Novice: 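Once you've had a glance at the structure underneath, I'll fire off some questions.
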Amino acid sequence: MASTQDRDSRGRQRGTDGSAGEAPGGTDLRTFAVRLRRMNGEINRLVHGFAADQGLHPTDVQALAAILDAEEPMTPGRLREHLGLTSGAVTACVDRLERAGHIRRVRESADRRVVHLHYAADAMAAARSWFRPLAEATDAARDRFTEAELSVVARFLAALNEEMATVGAARH
């Protein structure tokens with residue numbers, strides 16, 4: 001049994017060398033890193049498959065996700081910032097997506113220079129079909145947890161995304 005001084009601030013046991021040991025339930029940093037990398041790899045596998053099936057680049061799929069998830073209409077400038085690409089690279093990406101029928105460029109404001117990017121309905125249906133196994137896997141995993149546990153998971157993911165955005169912004 002570990003003494004109080006053998007535990008760090010989150011209750012994880014410390015090994016004799018001072019390293020954090022994995023607590024039951026796996027809440028140490030290494031466990032999170034391994035599980036997040038594995039999840040990222042599985043999602044990337046699906047994204048790359050969708051990109052290949054649609055004749056797109058994986059960055060194009062990231063752009064589609066950004067357009068879909070945007071809280072307000074996406075512009076090429078905001079997409080450039082989100083993806084961390086040059087203006088020319090974003091223009092090429094938007095051109096590919098438009099040619100492939102995945103997005104529409106719309107000039108919706110009185111200022112004709114402002115272009116909004118919209119996910120095309122038919123393309124969204126194709127994406128939903130392709131990513132349905134991910135949605136089903138997510139639903140199956142969610143069924144293993146209570147609503148209270150899912151609330152904590154959702155808060156953790158939101159906090160992690162906020163922290164990662166801060167790290168990304170600091171590097172640019």
Side-chain angles (χ1 to χ4, degrees), residues 29 32-145 147 149-172:
L29 183 58
F32 271 91
V34 168
R35 290 179 181 168
L36 287 168
R37 281 191 300 268
R38 181 173 175 207
M39 183 177 68
N40 187 56
E42 294 299 327
I43 290 172
N44 279 342
R45 184 178 52 79
L46 288 169
V47 165
H48 285 261
F50 178 74
D53 185 66
Q54 298 293 309
L56 302 173
H57 187 276
T59 302
D60 299 342
V61 182
Q62 288 179 320
L64 285 173
I67 292 166
L68 178 65
D69 294 343
E71 293 180 10
E72 55 191 49
M74 183 63 77
T75 64
R78 285 189 33 239
L79 186 60
R80 180 188 59 75
E81 289 173 14
H82 179 81
L83 296 176
L85 299 174
T86 65
S87 294
V90 166
T91 298
C93 174
V94 169
D95 287 346
R96 282 190 305 271
L97 290 171
E98 190 174 42
R99 271 193 312 272
H102 286 274
I103 65 166
R104 297 178 293 110
R105 285 181 173 122
V106 178
R107 297 182 192 282
E108 295 176 333
S109 70
D111 184 347
R112 300 289 296 156
R113 295 171 295 177
V114 176
V115 175
H116 291 150
L117 307 173
H118 295 278
Y119 209 137
D122 291 346
M124 198 179 300
R128 259 192 222 109
S129 175
W130 181 272
F131 289 102
R132 183 166 288 119
L134 176 59
E136 290 168 353
T138 302
D139 223 18
R142 288 177 67 241
D143 285 345
R144 297 179 186 176
F145 298 88
E147 284 298 316
E149 290 170 322
L150 290 171
S151 177
V152 171
V153 170
R155 278 192 4 249
F156 170 78
L157 291 172
L160 181 58
N161 283 326
E162 288 172 15
E163 293 294 332
M164 290 175 66
T166 302
V167 170
R171 293 188 180 257
H172 288 100

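In what follows, residues are counted from 1 in the order of the sequence shown. As the structure is a computational prediction, the values presented were derived from the model and not from experiment.
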Novice: Roughly how far, to the nearest 0.5 Å, is the CZ atom of Arg128 from the CG atom of Leu68?
Specialist: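 If we round to the nearest 0.5 Å, Leu68:CG and Arg128:CZ are 8.0 Å apart.
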Novice: Please assess Thr75 against His116 for the test side-chain contact (heavy atoms from CB on, under 4.5 Å), listing each intermediate value before the final yes or no.
Specialist: CA-CA 5 Å; Thr75 64; His116 291 150; 3.7 Å; yes
Novice: Any side-chain to backbone donor/acceptor pair from Ser129 onto Ala125? Under 3.5 Å, distance only.
Specialist: no
Novice: Step through the shown structure and confirm whether more than 12 heavy atoms of other residues, nucleotides or ligands are within 6.0 Å of CG on Asn40.
Specialist: yes
Novice: Relative to the ring of Phe50, is the ring of Phe131 parallel (under 30°), tilted (30 to 60°) or perpendicular (over 60°)?
Specialist: tilted
Novice: Let's go through Arg38 and Val34 carefully: what are the C-alpha distance in whole Å and the side-chain angles of both, what is the deciding distance for side-chain contact (heavy atoms from CB on, under 4.5 Å) to 0.1 Å, and is it a yes or a no?
Specialist: CA-CA 6 Å; Arg38 181 173 175 207; Val34 168; 5.5 Å; no
Novice: Tell me, please, which residues at least two apart from His82 pass side-chain hydrogen bond (donor to acceptor under 3.5 Å, both in side chains).
Specialist: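 Scan of His82 (side-chain hydrogen bond (donor to acceptor under 3.5 Å, both in side chains), adjacent residues dropped) gives none.
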Novice: Got a second to check how far Leu64's CG is from His102's NE2, nearest 0.5 Å?
Specialist: 6.5 Å
Novice: Residues two or more places apart in sequence or in another chain: which of them pass side-chain hydrogen bond (donor to acceptor under 3.5 Å, both in side chains) with Arg80?
Specialist: none
Novice: Closest approach of Val47 and Pro58, non-hydrogen atoms and distance?
Specialist: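 Minimum heavy-atom separation between Val47 and Pro58: CG1-O, 4.4 Å.
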Novice: Using only atom types and a distance under 3.5 Å, with no angle test, would you say the side chain of Ser151 pairs donor to acceptor with the backbone of Glu147?
Specialist: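 Between the backbone of Glu147 and the side chain of Ser151 there is no qualifying donor-acceptor contact (under 3.5 Å).
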Novice: Within a strict 4.5 Å, meaning less than it, do heavy atoms of the Arg105 and Leu117 side chains meet?
Specialist: yes
Novice: If you round to the nearest 0.5 Å, how far is OG1 of Thr91 from CD of Glu98?
Specialist: 11.5 Å
Novice: Apply side-chain contact (heavy atoms from CB on, under 4.5 Å) to the pair Val94 and Val115, showing each step before the final yes or no.
Specialist: CA-CA 11 Å; Val94 169; Val115 175; over 6 Å; no
Novice: What is the distance from atom CG of Leu46 to atom CG of Asp53, rounded to the nearest 0.5 Å?
Specialist: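 So the gap between those two atoms works out to 12.0 Å.
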Novice: Can you name the nearest heavy-atom pair linking Glu72 to Arg78, along with the distance?
Specialist: CG-NH1, 3.5 Å
Novice: Closest heavy-atom contact between Ala70 and Met74?
Specialist: CB-CE, 3.9 Å
Novice: What distance do His57 atom NE2 and Leu97 atom CG have between them, rounded to the nearest 0.5 Å?
Specialist: 11.5 Å
Novice: I'd like to know if the side chain of Trp130 and the backbone of Ala51 have a donor-acceptor N/O pair within less than 3.5 Å.
Specialist: no
Novice: By ring pair (Phe, Tyr, Trp, His ring centres under 6.0 Å), which residues pair with Phe156, not counting sequence neighbours?
Specialist: Phe32
Novice: Would you say Asn161's side chain and Ala158's backbone share a donor-acceptor pair under 3.5 angstrom?
Specialist: no
Novice: Return the CG to CZ distance between Leu160 and Arg155, rounded to the nearest 0.5 Å.
Specialist: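 CZ of Arg155 is found 14.0 Å from CG of Leu160.
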Novice: Give the minimum heavy-atom separation between Ala63 and Cys93, together with the two atoms involved.
Specialist: CB-SG, 3.7 Å
Novice: Quick one, Asp139 with Glu136, criterion side-chain contact (heavy atoms from CB on, under 4.5 Å). Give me CA distance, side-chain angles, the key distance, then yes/no.
Specialist: CA-CA 5 Å; Asp139 223 18; Glu136 290 168 353; 5.6 Å; no
Novice: Should Glu42 and Arg45 count as an ion pair when the cut-off is N to O under 4.0 Å?
Specialist: yes
